[in-house]
K.L.:
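Here it is: the structure, laid out below.
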Amino acid sequence: MLEGKKILLGISGSIAAYKIAALTRLFVKAGAEVKVVMSESAKAFVSPLTLSTLSKNPVYSNFTEGNQGEWVNHVELGLWADYFIIAPLSASTLSKMAHGNCDNLLLACYLSARCSVIVAPAMDLDMFAHAATQQNLKTIAGYGNLIIEPKHGELASGLVGVGRMAEPEEIFDFVLNQVQHQAVFKGKKVLITAGPTYEAIDPVRFIGNHSSGKMGFALAQVFANMGAEVTLIAGPCNLSLEHNLITRINVLSAESMLAEVINHYSKADIIIMAAAVADYTPATKSSVKIKKQADDMKIELVQTKDILKEIGQLKTDKQILVGFALETDNEVANALKKLKAKNLDFIVLNSLRNAQTGFGFDTNQIQIIEKNGAITPFDLKLKEDVAKDIAHKIREMSHV
Ligand code: CTP
C-alpha cells in the first residue's frame, strides 16, 4: 500500500527525534520513498548522516546547501510529498505552524505543502497541557492537519504524564490507515451544497435563514479526506476549509446556487444537497435602497426552483442523490414524501425536537431513510461524525 508513496519527514527539536531513524526504516522497508527535512535544533538529537543513510536521500535543513550555497527549493519539496509527517512536533514548531511563521526550511515546506500533513507532538506534560499548546493544536487541526496524540508515560524530564511521542510503529500504522482511508472515494466526484441562501430585497436587505453551513462543510471535509474530489457550492457562511481536493464555489441566492449545481451535477458521482435553500424569493428586487414609507409594507414572494427536485429528474441511475429534511412534526412521513417526490437514493432526516440539533449546533442527530423504506437511526454526534456516517452509507450503497 505504501509502495511508491512519497513521504517527507519533518523533524523538530525534541529528544524523541532519535526515534525517527526507526520510522524512516519502516517507511523505506514498506517501499516508500523518504526525504527528511529537519530543524537546526533537531540535529542535536539525531544525526543527519544517520537519516540520509537510512532514507538514501540527502537530508535538508537550510535554505541553501553545499559549498556553492545552492538553493533548496522548499516549494518543490512540499509539492513532491504525498504525506508530510512532522515528528516529533515540538511546542515551538507547533506554535509557528499555528501562526504561519516561516523561519526555517521545515516551516517553509509546511507552508507550501499541498498534501496531508500528519503531526506527532512530543513535549513535557505541562507544556503539552498548557492552554496555548492546546489552542495551537486546535488551530492546526482546523487547518486540516491530522494529529497523532502523544502518549502517557515517563518523559525526558523524569516526570510522568501525557507528552511522549507515539512510537514509530504507531505513526507508521496511522499513515498506513490514512492511505487506505484516502483511497475509499479516490477518483469519485462529489457535489455538495451547504449553508443558507440570501434572497435580495434591495441592495442592502435580504431574506435569509439561520443555516450555519456546518453540516455541508463537514461532509466536504470527510469526502475529501476519503479521497473524493469535492465541489462545494456554499451559500454565505463564515466557515473556511483548506483541502487540495475541495473546490469551493460561493453563491448568494437560490437562483445562483441552482445555476452552479446545473453547471456541475453531470460530472458528479455523488450529489448531496445539505443547503437550506430559500423556498421563496422577492418577486422584484429593487436596484436602489427602498425608503421607509408612511404605511406598513408588503413584500410579494414567488417560489424558487427546488434544486434537489430538478436534479432528481435529471440524474442518471449511476449517480447517487442525497437530500436532507429538517422537520418539526410527522418527521418520518414528511421525509419519505420528500424522498419520493425528489427521486432520492436516501434522505437524511434531522428532527428539531432534539435540543442539540439543527442550525448553529456542532452536533446533529439523524435518521437515514432509504428508497426501500429502511430507516437507520443514529445517536447525537458531532457533525463531523454524522458526515462520516453518511459517507459510510454511500459507500455501502455504491460498493466502492
Ligand atoms: N432544497 C433544494 N432547493 C430548494 C428547497 C430545498 O435543493 N429550493 C433541498 C434542500 O437542500 C434539502 C431538501 O431539499 O436537501 C429538503 O429541504 P427542506 O427545506 O427540508 O424541504 P422543502 O422541500 O423545501 O419542504 P418544506 O420547506 O416545506 O419542509
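Here the structure is a predicted model, which is why all the values come from computation and not from measurement. FYI, side chains are in, hydrogens and waters are out, and symmetry mates aren't considered; it's all heavy atoms of this structure. Read the numbers this way: they start at 1 and go in the same order the structure lists the ligands and their atoms.
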K.L.:
Looking only at distances, please establish whether an N/O atom of ligand 1 is found under 3.5 Å from an N/O atom of Phe324.
P.N.:
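For ligand 1, there is an N or O atom that lies under 3.5 Å from one belonging to Phe324.
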
K.L.:
In terms of the angle between their ring planes, are Phe206 and Tyr198 parallel, tilted or perpendicular, with boundaries placed at 30° and 60°?
P.N.:
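Rings of Phe206 and Tyr198: parallel, under 30°.
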
K.L.:
Is any side-chain heavy atom of Leu94 closer than 4.5 Å to one of Leu137?
P.N.:
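Counting from C-beta outward, Leu137 and Leu94 do come under 4.5 Å.
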
K.L.:
Report, in ascending order of atom number, the atoms of ligand 1 lying under 4.0 Å from any heavy atom of Gly323.
P.N.:
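Taking each heavy atom of Gly323 in turn, ligand 1 has 15 (O) under 4.0 Å.
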
K.L.:
What is the distance from atom OG1 of Thr316 to atom NZ of Lys318, rounded to the nearest 0.5 Å?
P.N.:
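So the OG1 of Thr316 and the NZ of Lys318 are separated by 7.0 Å.
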
K.L.:
If you have a sec, work out which protein heavy atom is nearest atom 14 (O) of ligand 1 and how many Å separate them, to one decimal?
P.N.:
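Answer, as residue, atom name and distance: Lys342 NZ, 2.9 Å.
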
K.L.:
Which of the atoms in ligand 1, numbered in the order shown and given with their element, are less than 4.0 Å from a heavy-atom of Met273?
P.N.:
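With Met273 as reference, the close atoms of ligand 1 come out as 11 (O), 12 (C), 15 (O).
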
K.L.:
Count the heavy atoms belonging to other residues, nucleotides or ligands that lie under 6.0 Å from CG of Asn372, then report whether that count exceeds 12.
P.N.:
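Above 12, so yes.
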
K.L.:
Is there a polar contact between ligand 1 and Ala325, counting only N or O atoms under 3.5 Å apart?
P.N.:
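N/O-N/O distance under 3.5 Å: no.
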
K.L.:
Please state whether Thr193 comes within less than 4.0 angstrom of ligand 1, counting heavy atoms only.
P.N.:
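It does not, in that no heavy atom of Thr193 comes within the 4.0 Å cut-off of ligand 1.
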
K.L.:
Main chain of Pro282, side chain of Lys285: is a donor-acceptor contact present, judged purely on distance under 3.5 Å?
P.N.:
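Yes: the side chain of Lys285 pairs with the backbone of Pro282.
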
K.L.:
Nearest 0.5 Å, what's the CD-CE distance between Glu255 and Met257?
P.N.:
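Taking CD in Glu255 and CE in Met257, the distance rounds to 12.5 Å.
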
K.L.:
Run the numbers for me: atoms of ligand 1, each under 4.0 Å from some heavy atom of Ala275, listed by number.
P.N.:
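Counting atoms of ligand 1 from 1, those under 4.0 Å from Ala275 are 10 (C), 11 (O).
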
K.L.:
List the closest protein heavy-atom neighbour of atom 21 (O) of ligand 1: residue, atom name, distance to the nearest 0.1 Å.
P.N.:
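Result for atom 21 (O) of ligand 1: Lys338 NZ, 3.0 Å.
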
K.L.:
Heavy-atom contacts with Leu308 under 4.0 Å: which atoms of ligand 1 show up? List them by number with element.
P.N.:
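What qualifies from ligand 1 is 2 (C), 7 (O), 9 (C), 13 (C), 14 (O), 15 (O).
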
K.L.:
Taking Gln134 for its side chain and Phe128 for its backbone only, find out whether a donor-acceptor pair lies under 3.5 Å.
P.N.:
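Present.
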
K.L.:
For the aromatic rings, using the six-membered ring if either is Trp, is the centroid distance between Phe84 and Tyr110 under 6.0 Å?
P.N.:
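They do not qualify: ring centres at least 6.0 Å apart.
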
K.L.:
Less than 4.0 Å from atom 11 (O) of ligand 1, is there any heavy atom belonging to the protein?
P.N.:
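Yes; the ligand atom in question has protein heavy-atom contact below 4.0 Å.
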
K.L.:
Is the closest N or O pair between Ile307 and ligand 1 shorter than 3.5 Å?
P.N.:
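It does: an N or O of Ile307 is found under 3.5 Å from an N or O of ligand 1.
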
K.L.:
Look at atom 25 (O) of ligand 1 and say whether a protein heavy atom is found at less than 4.0 angstrom from it.
P.N.:
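Yes.
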
K.L.:
Are any of the N/O atoms in Val277 less than 3.5 Å from those in ligand 1?
P.N.:
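N/O-N/O distance below 3.5 Å does not exist for this pair.
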
K.L.:
Is the distance between the ring centroids of Tyr18 and Phe45 less than 6.0 Å?
P.N.:
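For Tyr18 and Phe45, the ring centres are not under 6.0 Å apart.
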
K.L.:
Does even one non-hydrogen atom of Ala278 get within less than 4.0 Å of ligand 1?
P.N.:
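Per 4.0 Å heavy-atom rule, Ala278 contacts ligand 1.
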
K.L.:
How far is atom 8 (N) of ligand 1 from its nearest protein heavy atom, and which residue and atom is that?
P.N.:
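Minimum-distance protein heavy atom for atom 8 (N) of ligand 1 reads Lys305 O, 3.0 Å.
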
K.L.:
How long is the straight-line distance from OG of Ser12 back to CD1 of Ile86, given to the nearest 0.5 Å?
P.N.:
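Going from the CD1 atom of Ile86 to the OG atom of Ser12 covers 7.5 Å.
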
K.L.:
Is it true that the side chains of Thr197 and Glu199 contain a donor and an acceptor less than 3.5 Å apart?
P.N.:
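Per modelled atom types, Thr197 and Glu199 side chains form a pair under 3.5 Å.
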
K.L.:
Can you sort out which atoms of ligand 1 are near Asp279, meaning under 4.0 Å from one of its heavy atoms?
P.N.:
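Reading through ligand 1 atom by atom, the close ones are 5 (C), 8 (N), 24 (O), 27 (O).
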
K.L.:
Would you check whether Glu327 has a nitrogen or oxygen atom less than 3.5 angstrom from a nitrogen or oxygen atom of ligand 1?
P.N.:
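Checking ligand 1 against Glu327, no N or O pair falls under 3.5 Å apart.
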
K.L.:
Taking only heavy atoms of Leu326, which atoms of ligand 1 are found under 4.0 Å from at least one of them?
P.N.:
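With Leu326 as reference, the close atoms of ligand 1 come out as 20 (O).
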
K.L.:
Relative to the heavy atoms of Thr304, which atoms of ligand 1 are at a distance of less than 4.0 Å?
P.N.:
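Taking each heavy atom of Thr304 in turn, ligand 1 has 8 (N) under 4.0 Å.
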
K.L.:
Would you check whether Glu310 reaches within less than 4.0 Å of ligand 1, judged by its heavy atoms?
P.N.:
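The answer is no, since Glu310 has no heavy atom less than 4.0 Å from ligand 1.
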
K.L.:
Just so I know, are the side chains of Lys151 and Glu170 near enough to count as touching, which here means a heavy-atom distance under 4.5 Å?
P.N.:
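Touching, per the 4.5 Å side-chain cut-off.
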
